[in-house]
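Below: one structure, written as structure tokens.
Order of the sequence lines fixes the chain letters, A, B, ..., with proteins taken first and strands second; residue numbering starts at 1 for each chain. Because the structure is predicted, anything quoted here is derived from the model rather than measured.
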There are 2 protein chains.
Amino acid sequence: MNTQEKIIESATVLFLEKGFDRTSVREIASKANINISLMNYYFRSKEILFETIIDLLIGKAAASLKDILDAEIDLNEKISQYTGKYIDMLIRNPLLVSFVLAVLNRNPEKLIKLKVTDNLYTTKKFSQQLNNEYLKGNIKKVDPEQFYLNMLSLISFPFAMKHLIIEKNQFSQEEFDRFITERKEIIYNTLISYLKP
Amino acid sequence: MNTQEKIIESATVLFLEKGFDRTSVREIASKANINISLMNYYFRSKEILFETIIDLLIGKAAASLKDILDAEIDLNEKISQYTGKYIDMLIRNPLLVSFVLAVLNRNPEKLIKLKVTDNLYTTKKFSQQLNNEYLKGNIKKVDPEQFYLNMLSLISFPFAMKHLIIEKNQFSQEEFDRFITERKEIIYNTLISYLKP
DNA sequence: GTCTATACGGCGATAGAC
DNA sequence: GTCTATCGCCGTATAGAC
């Protein structure tokens with residue numbers, strides 16, 4: 001592992017664990033066993049290092065979710081797949097939601113400029129599909145923007161509240177994952193029942 | 001206005017505007033026209049000052065929402081009222097969601113200990129009501145924990161994503177508020193259609 | 001290119017004089 | 001209650017050795 005990789009590796013762990021502000025560059029350097037000033041040699045600032053890591057973390061997952069949303073498959077099947085894959089991804093990376101929300105709040109302009117955001121929150125084809133299904137009489141008329149936001153909210157918000165949910169229900173990690181996995185079907189049914197004409 | 005009030009007044013504005021980490025105690029002191037060390041005289045730390053402000057900000061709103069959730073009124077009416085009042089409150093305090101999520105992520109133990117949390121996320125009576133309605137055959141069988149989480153997600157998450165929603169749809173502030181207000185009915189219909197036996 | 005050493009101004013917090 | 005002085009840590013920048 002070279003120096004650059006060591007920095008990214010250590011910084012990723014720390015950023016996810018403690019967030020941007022509570023992680024110091026000295027701590028990253030120490031964990032990576034490198035000199036502090038190498039951080040500024042490889043990445044000009046802590047902020048740039050952070051952005052690099054966001055792209056690495058979210059990039060692949062976001063792209064594959066976007067593919068599902070844009071695919072030409074049956075609407076019900078798409079909602080089911082999207083919800084399932086999204087939740088699977090978040091179970092593997094439970095800190096991602098808080099992470100993205102923290103960035104969004106810290107520095108909205110920056111996140112909006114990242115390529116990753118396009119994949120995370122673009123719905124053009126999905127909106128068209130919803131409109132088409134309405135014209136065919138298969139579903140009732142919905143605002144696609146609102147419907148997609150509902151889907152995103154039902155999938156993501158529980159991860160932002162993870163600590164509270166675990167504490168309130170006295171869940172173990174496994175119980176939380178099971179609770180979240182149960183949501184796949186619940187979210188699907190919630191969204192589908194709303195669409196019924 | 002005495003020194004303590006001046007500190008709270010200035011700190012509230014700054015914390016809401018820029019968040020905890022990006023607000024320095026020197027800035028709060030300067031805005032309040034007091035000496036820096038007075039901050040540590042009245043509140044032992046920046047963290048404690050922050051907690052004090054959270055309680056002040058959320059306390060009243062949370063209690064009145066809890067009252068609705070616990071009231072002995074028709075289920076549909078309750079969901080409608082709760083959603084409506086919650087969204088009205090968040091439109092008046094749009095930064096509150098990000099604020100609470102940031103605290104929850106920064107220091108989960110601390111938020112969980114705050115009295116405010118009880119009011120924000122306790123559902124005992126509401127769960128009983130859902131179970132009773134099921135036994136009466138009025139709704140289908142639901143997991144009350146999941147159902148309440150759905151309600152909370154649909155209400156709150158859009159405020160955490162506010163910047164992204166505004167940017168994506170090129171909303172003005174008024175358009176965002178209108179978009180959110182439209183959600184009252186959409187959320188109500190989504191939740192109710194899921195409950196149908 | 002890679003790395004060490006060191007310096008700068010700003011931060012949260014505190015001890016102690018008044 | 002209020003203020004001054006100061007402490008140790010922070011992110012960042014840079015001079016210079018290899």
Side-chain angles (χ1 to χ4, degrees), chain A residues 1-57 99 102-111 113-114, chain B residues 1-57 99 102-111 113-114:
Chain A
M1 228 201 293
N2 65 29
T3 303
Q4 182 156 187
E5 287 166 345
K6 279 196 281 187
I7 294 174
I8 288 185
E9 162 78 16
S10 303
T12 302
V13 175
L14 290 171
F15 280 147
L16 282 174
E17 250 172 29
K18 331 201 318 180
F20 179 84
D21 293 291
R22 316 250 286 191
T23 302
S24 76
V25 294
R26 282 170 171 79
E27 196 181 358
I28 297 169
S30 146
K31 191 182 171 74
N33 277 315
I34 52 123
N35 187 283
I36 316 165
S37 60
L38 284 177
M39 307 249 330
N40 279 77
Y41 174 74
Y42 286 101
F43 308 91
R44 285 197 304 102
S45 72
K46 184 183 173 186
E47 197 81 36
I48 291 173
L49 169 60
F50 189 60
E51 287 165 31
T52 308
I53 287 175
I54 293 175
D55 268 334
L56 286 174
L57 271 181
F99 194 72
V103 185
L104 181 57
N105 222 251
R106 267 184 71 70
N107 198 334
E109 296 79 21
K110 203 152 272 175
L111 184 65
K113 268 188 264 164
L114 291 179
Chain B
M1 224 198 299
N2 65 28
T3 303
Q4 183 156 190
E5 287 165 343
K6 280 196 280 185
I7 295 173
I8 288 185
E9 162 77 16
S10 303
T12 302
V13 174
L14 290 171
F15 280 147
L16 281 175
E17 249 173 31
K18 329 198 324 177
F20 179 84
D21 293 293
R22 317 251 286 193
T23 302
S24 76
V25 294
R26 281 168 171 81
E27 195 181 1
I28 297 170
S30 148
K31 190 180 171 76
N33 276 315
I34 54 121
N35 187 283
I36 315 166
S37 61
L38 284 177
M39 308 248 330
N40 280 78
Y41 174 75
Y42 285 100
F43 309 91
R44 286 196 304 101
S45 70
K46 183 183 171 186
E47 196 83 34
I48 292 173
L49 169 59
F50 189 60
E51 288 164 30
T52 309
I53 288 175
I54 293 175
D55 267 335
L56 288 174
L57 271 180
F99 196 72
V103 186
L104 181 56
N105 222 249
R106 271 184 71 71
N107 199 335
E109 295 79 21
K110 204 151 272 175
L111 185 64
K113 268 187 263 163
L114 290 179

task: List the steps, then state whether side-chain contact (heavy atoms from CB on, under 4.5 Å) holds for B/Glu51 with B/Phe43.
output: CA-CA 10 Å; B/Glu51 288 164 30; B/Phe43 309 91; over 6 Å; no

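Summarising the geometry, the separation between OH on A/Tyr41 and P on C/dT6 is reported as 22 Å, rounded to the nearest angstrom. Between the C1' atom of C/dG12 and the CZ atom of A/Arg22 lies a distance of 13 Å, rounded to the nearest Å. Between the CZ atom of B/Arg44 and the P atom of C/dA13 there is a distance of 10 Å, rounded to whole Å. As rounded to whole Å, 17 Å separates atom P of D/dG8 from atom CG of B/Asn40. Summarising the geometry, the separation between CE on B/Met39 and P on D/dT2 is reported as 14 Å, rounded to the nearest angstrom. As a whole-Å value, the separation of A/Ile36 CD1 from C/dC3 C1' is 12 Å. Atom CD1 in B/Ile28 sits roughly 10 Å away from atom P in C/dA13 (whole-Å rounding). Distance B/Lys46 NZ to D/dC9 P: 18 Å, rounded to the nearest Å.
With A/Thr52 contributing its side chain and A/Ile48 its backbone, the two residues share a donor-acceptor pair below 3.5 Å.
Taking 3.5 Å as the limit, the base of C/dA5 and the side chain of A/Ser37 contain a donor-acceptor pair of atoms between them. B/Arg26 contributes a side-chain N or O that forms a donor-acceptor pair with the base of C/dG12 under 3.5 Å.
Contact annotation for B/Tyr42: backbone-only contact, meaning every heavy-atom pair under 4.0 Å involves sugar-phosphate atoms and none involves a base.
Comparing D/dG11, D/dT2, D/dT12 by their closest approach to the side chain of A/Ser45 singles out D/dT12.
Residue B/Asn35 has no polar side-chain atom (N or O) positioned under 4.0 Å from OP1 or OP2 of D/dT2.
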Tell me which donor-acceptor pairs under 3.5 Å the side chains of residues 3-17 of chain B have, and how far apart each pair is, sequence neighbours excluded?
from	atom 1	to	atom 2	distance (Å)
B/Glu5	OE1	B/Asn2	N	3.1
B/Ser10	OG	B/Lys6	O	3.1
B/Thr12	OG1	B/Ile8	O	2.6

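By the 6.0 Å contact criterion, CZ on A/Arg44 is open, its count of non-hydrogen atoms from other residues, nucleotides or ligands being 12 or less.
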